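Quick caveat, the model's predicted, so the values are computed rather than measured. Every number for a ligand or one of its atoms is a count from 1 in the order of the listing.
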Amino acid sequence: MSLLKLKAVSTPTDGDNTNHTLKKRIIDLGNASEVIYIQRFTPLDQSWNWFDYLDKHIPWTRPTIHVFGKSIVQPRDTCYVATPGLTQLTYSGYQPHSYSWDDYPPLKDILEAVHKALPGSSFNSLLINRYKGGNDYVGWHADDEKLYGPTPEIASVSFGCEREFILKKKPSKRSNGGNGSEEPAKKRLKKNNHADKHTFTLKHGSLLVMRGYTQRDWHHSVPKRAKAEATRINLTFRRVL
Ligand SMILES: O=C(O)CCC(=O)C(=O)O
Ligand SMILES: [Fe+2]
């Protein structure tokens with residue numbers, strides 16, 4: 001069992017007098033990495049409207065990417081949206097075309113909702129993924145591309161089919177069998193109380209935020225799930241520096 005430090009925090013989301021609050025879980029991953037999870041981020045009916053719009057109107061592609069020296073067809077559909085003039089994103093040897101926010105106005109509405117929940121954040125790019133069933137997935141990776149700087153903040157909104165999102169701590173560079181090291185390996189394990197794996201079931205209309213050194217110190221994935229038959233759409237908002 002993981003020793004999660006869970007805090008329920010109510011955050012006002014409206015500047016007006018209405019009393020909408022969002023229940024936030026803040027998960028301290030240790031070493032200045034943090035995840036925030038808001039299960040009911042966008043209202044259900046609104047979320048389905050956005051799902052239907054994106055499913056139908058986004059120019060989805062399934063590019064060939066390069067991982068571990070092999071060419072593979074990316075196991076999910078994708079589309080990239082970015083403000084003009086930013087450094088181009090390249091991942092797994094693939095440089096996606098940058099579409100414009102203006103071409104897909106609902107994306108600006110979703111971005112506005114994210115900015116409202118995260119005061120002080122300012123995202124300027126968006127990678128959208130569509131998982132057409134349980135065979136579609138994203139393998140272990142970190143979004144640690146240089147263009148995001150050392151502590152990228154990534155805000156991830158999910159619509160449609162629930163899928164598991166797993167965070168796993170990267171192997172520590174300093175603990176390698178320990179020839180000549182002062183302490184036996186067992187003693188060097190787990191000096192803190194933080195779990196090295198966290199699983200989230202990302203619900204329809206949820207928001208998950210990765211912050212601090214999460215991309216430097218952790219990998220994440222959305223594994224294949226035989227039972228997940230329906231389509232899931234995920235939007236990850238990022239800031240190119
Ligand atoms: O689909 C998700 O929840 C995660 C997607 C992701 O990790 C990515 O696009 O980098
Ligand atoms: Fe990612």
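Partners of Arg76 according to the salt bridge (Lys or Arg N to Asp or Glu O under 4.0 Å) rule, which considers only residues two or more places apart in sequence or in another chain, do not exist here. Qualifying side-chain hydrogen bond (donor to acceptor under 3.5 Å, both in side chains) partners for Gln95, counting only residues two or more places apart in sequence or in other chains: Thr90.
Salt-bridge formation is not detected for the pair Asp136/Arg130: no Lys NZ or Arg NE/NH1/NH2 atom is positioned less than 4.0 Å from an Asp or Glu carboxylate oxygen. Between Arg239 and Glu153, no side-chain nitrogen of the basic residue sits less than 4.0 Å from a carboxylate oxygen of the acidic one, so the salt-bridge criterion is not met. Asp143 has a carboxylate O that lies under 4.0 Å from a charged side-chain N of Arg238, or vice versa, which qualifies the two as a salt bridge.
Counting only protein N, O or S atoms closer than 2.8 Å to the Fe ion (ligand 2) gives 3.
A cation-pi geometry, defined here as NZ or CZ lying under 6.0 Å from the six-membered ring centre and within 45° of its normal, holds between Lys168 and Trp140.
Checking each of Phe41, Phe51, Trp48 against His204 for a ring pair (Phe, Tyr, Trp, His ring centres under 6.0 Å) leaves exactly one that passes, namely Trp48.
Shown here for Gly149 and Leu241, the closest heavy-atom pair between the two residues is CA-CD1, 3.5 Å.
Between Tyr99 and Tyr104, the ring planes lie perpendicular to each other; the angle is over 60°, past the 30° to 60° tilted range.
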Short N or O separations between ligand 1 and the protein, below 3.5 Å:
{"unit_1": "ligand 1", "atom_1": "1 (O)", "unit_2": "Tyr131", "atom_2": "OH", "d": "2.5"}
{"unit_1": "ligand 1", "atom_1": "1 (O)", "unit_2": "Arg232", "atom_2": "NH1", "d": "2.8"}
{"unit_1": "ligand 1", "atom_1": "1 (O)", "unit_2": "Asn234", "atom_2": "OD1", "d": "3.3"}
{"unit_1": "ligand 1", "atom_1": "3 (O)", "unit_2": "Arg232", "atom_2": "NH1", "d": "3.4"}
{"unit_1": "ligand 1", "atom_1": "3 (O)", "unit_2": "Arg232", "atom_2": "NH2", "d": "2.8"}
{"unit_1": "ligand 1", "atom_1": "3 (O)", "unit_2": "Asn234", "atom_2": "ND2", "d": "3.3"}
{"unit_1": "ligand 1", "atom_1": "7 (O)", "unit_2": "His141", "atom_2": "NE2", "d": "3.2"}
{"unit_1": "ligand 1", "atom_1": "7 (O)", "unit_2": "His220", "atom_2": "NE2", "d": "3.0"}
{"unit_1": "ligand 1", "atom_1": "9 (O)", "unit_2": "Asn129", "atom_2": "ND2", "d": "2.8"}
{"unit_1": "ligand 1", "atom_1": "10 (O)", "unit_2": "His141", "atom_2": "NE2", "d": "3.1"}
{"unit_1": "ligand 1", "atom_1": "10 (O)", "unit_2": "Asp143", "atom_2": "OD1", "d": "3.1"}
{"unit_1": "ligand 1", "atom_1": "10 (O)", "unit_2": "Asp143", "atom_2": "OD2", "d": "3.2"}
{"unit_1": "ligand 1", "atom_1": "10 (O)", "unit_2": "Arg238", "atom_2": "NH2", "d": "3.1"}

